[in-house]
Amino acid sequence: MVGANAALGTSAASFSATSSVAVAGAAAGAAATGRRESGVRSPCVASSSSSLSLGVRCRAVSVRRPGLDASRSLRSSLLASGSSGVGFSRNEFFARHEAFFLASNIGILHEARRENGRGLVVRAAVFDQLTDSLEAAWSKLKKEDVLTKDNIKEPMKDIRRALLEADVSLPVVRRFVKSVSEKAIGMGVVRGVRPDQQLVKVVNDELVGLMGGEMVGIEFAKSGPTVILMAGLQGVGKTTACGKLALFCKKKGKSVMMVATDVYRPAAIDQLVTLGKQVEVPVFEAGNQLRPAEIAKRGLAEGKKQGIDVIIVDTAGRLQVDRGMMDELKQIKQVVNPTEVLLVVDAMTGQEAAGLVASFNLEIGITGAILTKLDGDSRGGAALSVKEVSNKPIKFVGEGEGMTALEPFYPDRMASRILGMGDVLTFVEKAQEVMVKEDAELMQKRIMEAKFDFNDFLAQTRNLARMGSMSNIMKFLPGMNKVSPQQIREAEKSLKIMESMINSMTPKERADPDLLAKSPSRRRRVANGSGRSQEQVSALVAQLFQMRVRMKSLATMMQGGSIPGMEGLEEGMKGGRKAAPGTAKRKRSRGFASQLAESGAKSSPKGSGGFGGFAKK
Ligand SMILES: Nc1nc2c(ncn2[C@@H]2O[C@H](COP(=O)(O)OP(=O)(O)OP(=O)(O)O)[C@@H](O)[C@H]2O)c(=O)[nH]1
């Protein structure tokens with residue numbers, strides 16, 4: 001293989017710029033306007049005859065959930081292959097493409113063995129600010145040997161400030177800081193784990209607890225339809241959330257109907273009907289002359305008649321909480337006897353959102369919250385405060401206007417993202433949506449046999465593109481929050497260039513890159529066909545050989561399911577205090593990093609550049 005690279009006699013450095021990264025184009029659908037008439041309006045259901053119509057770069061924060069070994073390994077591997085500081089070299093960035101491939105394949109195979117199909121978790125610019133501020137806190141402990149009352153004072157001040165800036169309410173911040181301080185000081189020396197990592201671990205656990213610990217999903221009724229009553233102030237995204245939730249339930253195999261009871265805002269009913277068309281869910285409406293509770297009652301009767309599984313009732317919002325609104329909600333609640341009452345709150349209102357959840361709960365009794373517009377909020381105080389302030393869980397988060405932009409809220413994954421550790425589980429779940437297990441198995445086999453070819457490369461790249469835009473996908477991966485939009489644009493451009501070269505290869509050449517490695521005339525032909533230079537084609541071929549080696553090596557480690565850096569910390573934190581310097585575990589840890597480095601070095605001819613950044617610097 002190295003021989004083949006040498007035979008190409010090229011510097012692959014030029015290929016850095018023509019490397020690959022997935023691109024996606026998600027088209028937002030334009031919506032048709034619904035007529036205001038009678039009946040259940042549906043694009044798919046016949047009209048009713050009724051007259052009603054850690055950047056932290058800590059490689060070792062554990063997530064306390066069983067069965068996540070492979071996911072942890074993925075994350076650890078990605079972390080290990082990633083940047084260790086602010087800023088991201090281009091090579092490191094491109095190197096992630098290999099990690100994407102591996103993560104999607106191995107992740108799918110692992111997760112395919114897991115029964116419960118869980119949803120996705122948030123991705124957004126949210127928490128960027130908090131993540132950065134927390135990094136400053138850890139960095140103050142880099143030179144310490146043990147956490148003490150004195151040396152955590154400064155980092156704790158930073159954490160306090162970071163949380164307040166994120167708009168977390170003061171009492172919550174106070175409790176949080178107190179609890180973290182006590183636990184951190186009580187830890188003592190944990191061999192093999194640096195004090196800054198210890199603190200990250202404590203903060204991680206506290207964040208998970210603060211946000212409620214476990215994910216709390218929708219509770220479906222044991223018999224009869226599940227009725228979900230949606231409440232919230234005006235403009236928070238309630239109607240949009242109804243559509244998103246309808247789609248979410250549909251994907252779970254439920255039949256869904258939405259009921260439009262907002263008789264005050266003229267366009268509200270039409271808006272719901274339009275969304276219904278978009279997600280192909282019928283909407284029950286009865287104009288704006290009846291009382292909302294009456295419409296809800298008739299909607300429920302209609303849903304029952306049709307044997308609908310989930311009935312989502314949209315309600316009117318008000319500019320602020322007022323008696324009329326609460327009374328109306330109470331009346332609707334009384335007639336539909338909902339399984340879930342979800343309060344929709346706008347993340348951008350920060351701690352105010354948490355206060356609203358508390359007061360709505362007191363007034364009407366709610367079962368949880370949907371936090372919308374998380375994509376527009378870079379502070380994240382609402383996500384951190386809601387559970388603590390109201391004792392009600394956030395059940396979903398909305399992070400976009402599109403109908404698919406609703407995801408269950410997982411406190412542990414969110415904590416992971418706050419700490420700059422990415423969210424590999426979500427990445428894997430996204431991959432599962434576009435790849436079938438059999439394909440992943442086949443691809444895995446080819447990676448392990450170092451037979452990964454240009455066809456595989458194209459297939460994988462296209463799969464990744466189907467998962468969403470590059471910038472969205474990257475948010476799930478550790479350290480990728482440091483990649484600039486400019487780098488993303490370049491990478492997207494590079495992918496197109498690369499595809500054009502691969503498209504100019506014959507099927508035989510795609511399947512057997514050796515043909516190209518050995519034949520300058522073939523490379524010349526591909527260059528002419530794609531309008532690229534011969535050097536670029538040579539570099540592309542060289543890269544494929546390098547990728548084969550590195551992917552096989554990394555895949556072997558990921559499949560082992562045990563990445564020492566992570567494991568060591570976990571055990572240390574459990575109180576094992578076993579991993580003394582120089583022990584096998586420590587050696588394995590070093591071995592992992594150096595193996596990565598070696599695999600890159602071995603396969604890269606001198607001066608080849610390319611994916612050289614894959615190895616940890
Ligand atoms: N960026 C972003 N925008 C959102 C999100 N959810 C809703 N929106 C937008 O917020 C605006 C208001 O959303 P609606 O669903 O009409 O809000 P509403 O609460 O039903 O409003 P009322 O019916 O007036 O009470 C719309 O422009 C939505 O597209 C989200 O998660 N992210």
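Indexing begins at 1, ligand by ligand and atom by atom, following the structure's order.
More than 12 heavy atoms of other residues, nucleotides or ligands shown are found within 6.0 angstrom of NZ on Lys330.
Each of the following atoms of ligand 1 lies closer than 4.0 Å to a heavy atom of Gly317: 25 (O). Taking every heavy atom of Glu399 and a limit of under 4.0 angstrom, the matching atoms of ligand 1 come to 31 (O). The Gly398 neighbourhood of ligand 1 comprises atoms 31 (O), with distances under 4.0 Å to a heavy atom of that residue. Less than 4.0 angstrom separates some heavy atom of Asp262 from each of these atoms of ligand 1: 23 (O).
Counting only heavy atoms of the protein, atom 17 (O) of ligand 1 lies nearest to Gly237 N, 3.0 Å. At the shortest separation from atom 32 (N) of ligand 1 among protein heavy atoms lies Asp375 OD1, 2.9 Å. Nearest protein heavy-atom contact of atom 15 (O) of ligand 1 is Thr240 OG1, 2.5 Å. Atom 30 (C) of ligand 1 has as its closest protein heavy atom Gly400 O, 3.2 Å. Scanning the protein for heavy atoms near atom 16 (O) of ligand 1, the closest one is Gln271 NE2, 2.9 Å. The nearest heavy-atom contact from the protein to atom 11 (C) of ligand 1 is Lys373 NZ, 4.1 Å. Among protein heavy atoms, atom 29 (O) of ligand 1 sits closest to Glu401 OE2, 2.6 Å.
Checked for salt-bridge contact, Glu499 and Lys496 miss the test: no charged N lies under 4.0 Å from a carboxylate O. In this structure, Arg298 pairs ionically with Glu294, as a charged nitrogen and a carboxylate oxygen lie closer than 4.0 Å.
Under the 4.0 angstrom criterion for non-hydrogen atoms, Ala405 is not in contact with ligand 1. Ligand 1 lies within reach of Gly235, whose nearest heavy atom is under 4.0 Å from it.
Here's the thing with Leu374: none of its N/O atoms is less than 3.5 angstrom from an N/O atom of ligand 1. Not one N or O of Ala241 is nearer than 3.5 Å to an N or O of ligand 1, by distance alone. At a 3.5 angstrom cut-off on N or O pairs, Thr239 counts as close to ligand 1.
Arg265 and Gln234 form no side-chain donor-acceptor contact under 3.5 Å, judged by distance and modelled atom types alone. Residues Ser179 and Glu206 bring a donor and an acceptor atom of their side chains to less than 3.5 Å of each other. At a cut-off of 3.5 Å, with distance as the only test, a side-chain donor of Thr367 or Glu340 sits close to an acceptor on the other residue. When only modelled atom types and interatomic distance are considered, Lys387 and Asn391 share a side-chain donor-acceptor pair under 3.5 Å.
Closest heavy-atom contact between Pro292 and Tyr264: CG-OH, 4.1 Å. Minimum interatomic distance between Ser255 and Gly307 (heavy atoms only, all atoms of both residues): OG-O, 3.8 Å. In terms of heavy atoms, Val357 sits closest to Ser390 at CG1-OG, 3.3 Å.
No cation-pi contact links Lys395 to Phe409, judged by a cut-off of 6.0 Å to the six-membered ring centre and 45° from its axis.
Only the backbone of Leu233 comes within 4.0 Å of ligand 1, judged by heavy-atom distances. For Lys244, every heavy-atom contact with ligand 1 shorter than 4.0 Å involves the side chain, none the backbone.
Taking only non-hydrogen atoms, the option from Arg265, Gln234, Lys238 nearest to atom 18 (P) of ligand 1 is Lys238.
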> Going through the checks in order, is the side chain to side chain donor-acceptor pair (under 3.5 Å) test met by Glu219 and Thr339?
Replying inline: CA-CA 7 Å; Glu219 195 184 316; Thr339 332; over 6 Å; no

